[in-house]
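Taking it in order: structure first as structure tokens, then the write-up.
Here the structure is a predicted model, which means the values were calculated and not measured.
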Amino acid sequence: METNTATLWELWVDPVRRIVSFHPEAGGQYLAFRSRELFLRCIDQYTAQQYRYQ
């Protein structure tokens with residue numbers, strides 16, 4: 001029997017320190033995407049706003 005598990009793309013965003021993390025970060029806002037395209041659009045938007053990544 002096959003299970004249908006959707007890939008979940010996750011980010012944690014700290015708007016105060018302007019940091020985007022790809023792992024849980026204290027004080028970060030959790031964002032989850034079921035679409036890779038939406039995930040990459042979000043990354044592009046934070047890059048345009050000069051957020052740092054870790």
Side-chain angles (χ1 to χ4, degrees):
M1 177 183 222
E2 257 182 68
T3 57
N4 186 8
T5 58
T7 301
L8 192 63
W9 303 85
E10 301 174 312
L11 289 177
W12 286 263
V13 180
D14 184 340
V16 175
R17 298 183 333 186
R18 299 180 61 86
I19 295 174
V20 175
S21 298
F22 298 103
H23 55 81
E25 183 69 27
Q29 177 186 2
Y30 175 73
L31 300 175
F33 303 87
R34 295 205 184 275
S35 162
R36 183 175 186 259
E37 181 180 344
L38 291 175
F39 174 77
L40 293 175
R41 283 186 191 178
C42 184
I43 294 288
D44 286 343
Q45 290 177 359
Y46 283 117
T47 300
Q49 296 175 40
Q50 299 181 343
Y51 273 62
R52 294 179 296 135
Y53 292 89
Q54 62 179 23

Problem - More than 12 heavy atoms from other groups under 6.0 Å of CD on Q54 - result: yes
Handout entry: Residues clustering with L11 (ILVMFWY side chains joined when closer than 4.5 Å, directly or via others)
Key = W9, V13, V20, F22, L31, F33, L38, F39, L40, I43, Y46, Y51, Y53
Practice task
Kindly write out the residues that satisfy salt bridge (Lys or Arg N to Asp or Glu O under 4.0 Å) with R41, not counting sequence neighbours, or none if the list is empty.
Solution key: E37
Completion exercise
Joining Ile, Leu, Val, Met, Phe, Trp and Tyr whenever any side-chain heavy atoms lie under 4.5 Å apart, the cluster holding W12 also takes in L8, Y30
Exercise for the section: Please list, chain by chain and in numerical order, all residues satisfying side-chain hydrogen bond (donor to acceptor under 3.5 Å, both in side chains) with S35, sequence neighbours excluded. Expected result: none
Handout entry: Pairs touching residues 43-54 that satisfy salt bridge (Lys or Arg N to Asp or Glu O under 4.0 Å), sequence neighbours left out
Key = none
Problem - Qualifying salt bridge (Lys or Arg N to Asp or Glu O under 4.0 Å) pairs, either residue in residues 24-34, two or more places apart - result: R17-E25
